[in-house]
There are 2 protein chains.
Amino acid sequence: MVNQFIKKLQGFVELTAADIRALEEATGRPQTFPPRTDLIREGDQPGPVLVVLEGWAFRYKVLPNGTRQIIAFLIPGDCCDLNISMLAEMDHSIQTATHAQVSKIESTVLTDLMTNHPRIARAMYVAQLIDESTLRAWIVSLGRRSSAERVAHLLLELYIRGVRTGLANRDELELPISQTVLADALGMTPVHVNRMLQDLRRSGAIELKRGLLRILGPEILTRISGFDDNYLHRRLRAYN
Amino acid sequence: MVNQFIKKLQGFVELTAADIRALEEATGRPQTFPPRTDLIREGDQPGPVLVVLEGWAFRYKVLPNGTRQIIAFLIPGDCCDLNISMLAEMDHSIQTATHAQVSKIESTVLTDLMTNHPRIARAMYVAQLIDESTLRAWIVSLGRRSSAERVAHLLLELYIRGVRTGLANRDELELPISQTVLADALGMTPVHVNRMLQDLRRSGAIELKRGLLRILGPEILTRISGFDDNYLHRRLRAYN
DNA sequence: CTCCAACGTAAACATATGTTATTGACCTAC
DNA sequence: GTAGGTCAATAACATATGTTTACGTTGGAG
């Protein structure tokens, strides 16, 4: 089975055979987790860096009133913050959305990877920059887009990220999350997410059933959401 | 005049005299900019790292419909992303809110700082982690807090950050931004920001006039916003 | 095969927030 | 000192989204 993490990093830099071997060594023994499992909780002391090899997970925070806001989706190939162990405690939690295979990279191993494999270091920094850019894009969506725009924007984002990692075939992406989860990511209620999805179906932009999303009219989604993919940084600066 | 950037980094790690000299050298010749000046624009090729020594600035994005969302405030001591030059173009803009003194650190100088001064490197990574954590906290606010809660939360955040950098004396913080700017940060309209500020004044939580914010009832703001300062990471993991 | 829980769908109604407009205070340029 | 622009304050009204409730479907556990 392909190691999605390595595949993703290869999209950023050209890795040597030695780089790849080191990454395989570091992520070779993933653990399997059932859905709805917290991999790490807010308040915990940060431990090893998590890398999602299969399945979906998400970062989230729970508010005093019990509501939840999802902050980011982690799809195969994604990993959590690099230097996280410098902080005394986690400021958010990470939970699996589906069955997931996750590798944990101990900080000693990570340090070794970063210092002895400059291309890996660079690729991981790029990945981190893109994650941060995505956080900014979410702030923009939550702050200034209507709910219809937000839904369209998120579906397009996930689709494009899926294409990038080979998760999407043609116009199809497996979207293994409930409308409640979507709602917690979009800052709306599940009822309203449902309304907006119905609108998108009626407009012919998407088909969505049983966890399978089909993008029938990408241009419709782009128009509705005002999508600009620059925040996903598909072009990078050449490696000096 | 104190170099707020050095002061901030000293809050994270113990710097040696040599570290401080290197930082003074790197940020010693700041440029002055008038208010409302774009320091860098979305789409530009990333250049040197920006460090704000005096005055306020903010990161923002403009949407196709012309509305603006502010993504982060940069107060004295703050700097922008470290590895930003790995990306081909900026995904957002940065603008001064007031007269500001800004130093630009060329990437060669930065690389030198990071490789030859491990304490500086560590401090800058911590700063970056906290910035990222703050992005997540903003997502939570925009997604799941009411407008009253959001206003209270932002004021408290700015006040706490101000205290941390010595910008705030006692219960006072200079808040040199208009309600329109606040609105663009909070994802609401200026009219509604005004309503919420009035409510906060009436509740005795704050006083705010001519750019001077007074926190009269921090506990009121905390209660209203459900504020938890963990995302600002005032405690750090001990340096191995 | 059946039951149960989670999920998706829908309608009716409530409300938080946006929209538009007006006015006065303040500041800066001249 | 005056003019013009930005900003804060407030009111009346519009609407997007939340709330509550109900019901049928789906899928997994036993």
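Per chain, numbering begins at 1; letters A, B, ... match sequence-line order. Below, each value reflects all heavy atoms present in this structure, side chains not excepted, and no hydrogens, waters or symmetry copies.
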Exercise. Please give, in whole Å, the distance from C:dA10 C1' to A:Gln198 CD?
Worked result: 9 Å
For this session: May I ask you to check whether over 12 heavy atoms, not counting those of B:Arg202, lie within 6.0 Å of atom CZ?
Result: yes
Exercise. What nucleic acid atoms does B:Thr189 come within less than 4.0 Å of, heavy atoms only: base, sugar-phosphate, or nothing?
Worked result: base
For this session: To the nearest 10°, let me know how far the axis at one end of the helix from C:dC1-D:dG30 to C:dC30-D:dG1 is tilted from the axis at the other, five pairs an end.
Result: 50°
Problem set entry | N/O donor-acceptor pair under 3.5 Å between A:Arg41 side chain and A:Gln95 backbone | no
Problem set entry | Out of D:dG18, D:dA9, C:dG8, whichever nucleotide has its closest atom nearest the side chain of A:Arg195 | D:dG18
For this session: Decide yes or no on side-chain hydrogen bond (donor to acceptor under 3.5 Å, both in side chains) for A:Asp91 and B:Ser133, but give the supporting numbers first.
Result: CA-CA 7 Å; A:Asp91 55 75; B:Ser133 178; 3.1 Å; yes
Exercise. So, do A:Thr96 and A:Val52 sit near enough that their side-chain heavy atoms are less than 4.5 Å apart?
Worked result: no
Problem set entry | Distance, rounded to the nearest Å, where B:Ile206 contributes CD1 and D:dA8 contributes P | 12 Å
Exercise. Rounded to the Å, how far apart are A:Leu182 CG and C:dG8 P?
Worked result: 8 Å
For this session: Check every strand shown and say whether A:Gly211 touches a base, only sugar-phosphate, or nothing at a heavy-atom separation below 4.0 Å.
Result: nothing
Seminar exercise, completed: Taking D:dT19, C:dG8, D:dA9 as options, the one with an atom nearest any side-chain atom of A:Val191 is D:dT19
Seminar exercise, completed: From the candidates C:dT9, D:dC7, C:dA6, the one with an atom nearest any side-chain atom of A:Arg201 is C:dT9
Exercise. How long is the line joining CG of A:Asp199 and C1' of C:dA10, in whole Å?
Worked result: 13 Å
Exercise. Atom NE2 of A:His192 to atom P of C:dT9: distance rounded to whole Å?
Worked result: 15 Å
Exercise. Would you say the side chain of A:Arg210 and the base of C:dG8 hold a donor-acceptor pair, judged only by whether the two atoms sit under 3.5 Å apart?
Worked result: no
For this session: Consider only side-chain N and O atoms of A:Gln69 and A:Asp184, and report whether a donor and an acceptor are under 3.5 Å apart.
Result: no
Problem set entry | Rounded interatomic separation in angstrom, taking CE from B:Met188 and P from C:dT19 | 12 Å
Exercise. Does the salt bridge (charged side-chain N to carboxylate O under 4.0 Å, His left out) test come out yes or no for B:Arg59 and B:Asp81, once each step is laid out?
Worked result: CA-CA 11 Å; B:Arg59 302 172 188 266; B:Asp81 304 77; 3.0 Å; yes
For this session: Look at atom CD of B:Glu174 and say whether more than 12 heavy atoms of other residues, nucleotides or ligands are closer to it than 6.0 Å.
Result: no
Exercise. Quick one, which residues of residues 143-158 of chain B touch DNA chain D with a heavy atom under 4.0 Å?
Worked result: none
For this session: Describe, in one word, how the ring planes of A:Phe227 and A:His153 are oriented to each other, choosing from parallel (under 30°), tilted (30 to 60°) and perpendicular (over 60°).
Result: tilted
Problem set entry | B:Glu207 CD to D:dA8 P, straight-line distance once rounded to whole Å | 16 Å
Problem set entry | Electrostatic pair A:Glu89:B:Arg235 at N-O distance under 4.0 angstrom | yes
Problem set entry | Whole-Å distance separating the CG atom of A:Asn194 from the P atom of C:dA11 | 11 Å
